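Beneath this line is the structure, given in structure tokens, with notes to follow.
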Amino acid sequence: MSTSIIVVGASGRMGKTISGLVEADPQFTLAGLVDSPERIAALAGAACPVSDSLAALLPKLPGAVVIDFTAPAVSLQSAKAVAQTGNALVIGTTGFTDEQKDELRALAAKAPIFWASNMSIGVNVLLNILPQLTKALGEDYDIEMVELHHNRKKDSPSGTALTLGECLAEARDWKLNDVRCSSRDGIIGARPKEQIGIQAIRGGDVVGVHTVYFMGPGERIEVTHQAHSRENFARGAIRAAGWMAGQKSGKLYSMQDVIKDI
């Protein structure tokens, strides 16, 4: 039995990629497309229902899983909509504030909701490995990160960089917000020991590159993840959607839950 998928932000780059992969996979059915009133004309001729309102579409598609790669405010509206119907929701949007994340967690008590700043299996495996490396190397090693993305990316640092930074900080019993440095300019003095630098580079059509540096006495270790295609993230989202079809409300799920279950 195939899993029905509704794509929010269907006319965007990720929306188009996800929709195409869903249509090509016999395990899934493209059941609905949602976008804003200004962009919905781009979806004309679709072979499934199209709407500018997820809330209006959901009652017609019980059991369908929603995938949303849009913007924080839109994704929160999607979460509120599924909280009314009980449909599962997979969110790949980045740029949420701490308050918005808390709101997502509260809504996850009413419907199965999944959020990941990066849907890549490789990045999520790194989230397990990097804390081990951090602890093994010890505090003599300074930690820095550089993230590189295309020139149309709106948030900085990337959601993935912040998630990686959080796991690195936790490995040293720090809070990322207390130790993160994303800008250096002028005479700033020596680098504090309790600091994690996260620098952003933007340009061209780079999908996403994240490099973590461990710099210690006489040596340097670099761990790099490169995303070569948006399909990498889209496939991860679809994989998560298939998994979420069997989950219940009660927590905000992540890709770590999917990996552990597999």
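A quick note: this is a predicted structure, and the numbers were derived from the prediction, not measured. Just so you know, residue 1 is the first one in the sequence shown, and it goes up from there. As a basis for the values below, the full set of heavy atoms in this structure was taken, side chains included, without hydrogen atoms, waters or symmetry mates.
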For [X] and [Y], indicate whether the former's side chain and the latter's backbone hold a donor-acceptor pair under 3.5 Å.
X	Y	answer
R184	I188	no
E219	F214	no
N87	V82	no

Within the 4.5 Å heavy-atom criterion, are [X] and [Y] side-chain neighbours or not?
X	Y	result
V34	D68	no
I196	R180	no
I6	L58	yes
P217	D140	yes
F69	R13	no
E194	R172	no
I5	T3	yes
L21	F28	no

Establish whether [X] and [Y] are linked, either directly or via other cluster members, by ILVMFWY side-chain heavy-atom contacts under 4.5 Å.
X	Y	value
I238	V66	no
V50	V8	no
V212	V125	no
Y141	L168	yes
I18	I121	yes

Of all the heavy-atom pairs spanning [X] and [Y], show the shortest one and how long it is.
X	Y	value
R202	D155	NH2-O, 3.0 Å
G86	A111	CA-CB, 4.2 Å
I67	A241	CD1-CB, 3.9 Å
Q100	G95	OE1-O, 4.1 Å
A24	P26	O-CD, 3.6 Å
S156	A200	OG-CB, 3.2 Å

- Run the numbers on T160 and T94 for side-chain contact (heavy atoms from CB on, under 4.5 Å), then give the verdict. CA-CA 8 Å; T160 299; T94 60; 5.6 Å; no
- Item | Step-by-step side-chain hydrogen bond (donor to acceptor under 3.5 Å, both in side chains) determination, R230 to T17 | CA-CA 7 Å; R230 287 185 180 82; T17 302; over 6 Å; no
Enter the distance from [X]:[atom1] to [Y]:[atom2] here, rounded to the nearest 0.5 Å.
X	Y	atom1	atom2	result
L89	L252	CG	CG	9.5 Å
T29	E23	OG1	CD	10.0 Å
K80	L54	NZ	CG	13.0 Å
S158	I201	OG	CD1	11.5 Å
N232	S120	CG	OG	4.5 Å
W174	E166	CH2	CD	15.0 Å

How about [X]: does its [atom1] atom have over 12 heavy atoms from other parts shown lying under 6.0 Å from it?
X	atom1	answer
K60	NZ	no
K248	NZ	no
D205	CG	no

- Task: For N118 and T163, run side-chain contact (heavy atoms from CB on, under 4.5 Å): C-alpha distance rounded to whole Å, both residues' side-chain angles, the deciding distance at 0.1 Å, then the answer.
- Result: CA-CA 9 Å; N118 191 304; T163 299; over 6 Å; no
- Query: Got a salt bridge between D257 and K260, using NZ or NE/NH1/NH2 to carboxylate O under 4.0 Å?
  - Reply: no
- Item | Cationic N near anionic O, under 4.0 Å, E147 to K153 | no
- Go through S229 and V207 one step at a time and tell me if the side-chain contact (heavy atoms from CB on, under 4.5 Å) criterion holds. CA-CA 6 Å; S229 168; V207 175; 5.6 Å; no
- Message: Does E222 form a side-chain contact (heavy atoms from CB on, under 4.5 Å) with M215? I'd like the steps, not just the answer.
- Response: CA-CA 9 Å; E222 300 179 12; M215 294 175 282; over 6 Å; no
- Query: If we ignore angles and hydrogens, is there a donor and acceptor under 3.5 Å between the side chains of T70 and S75?
  - Reply: yes
- Pairs where residues 41-51 contributes a residue and the test salt bridge (charged side-chain N to carboxylate O under 4.0 Å, His left out) is met, not counting sequence neighbours: none
Solution key, residues 126-139 side-chain donor-acceptor pairs under 3.5 Å, sequence neighbours excluded:
unit_1	atom_1	unit_2	atom_2	d
N128	ND2	Q256	OE1	3.3
Q132	NE2	N128	O	3.0
T134	OG1	L130	O	2.8

- May I ask you to check whether W243 and F114 place their ring centres under 6.0 Å from each other? no
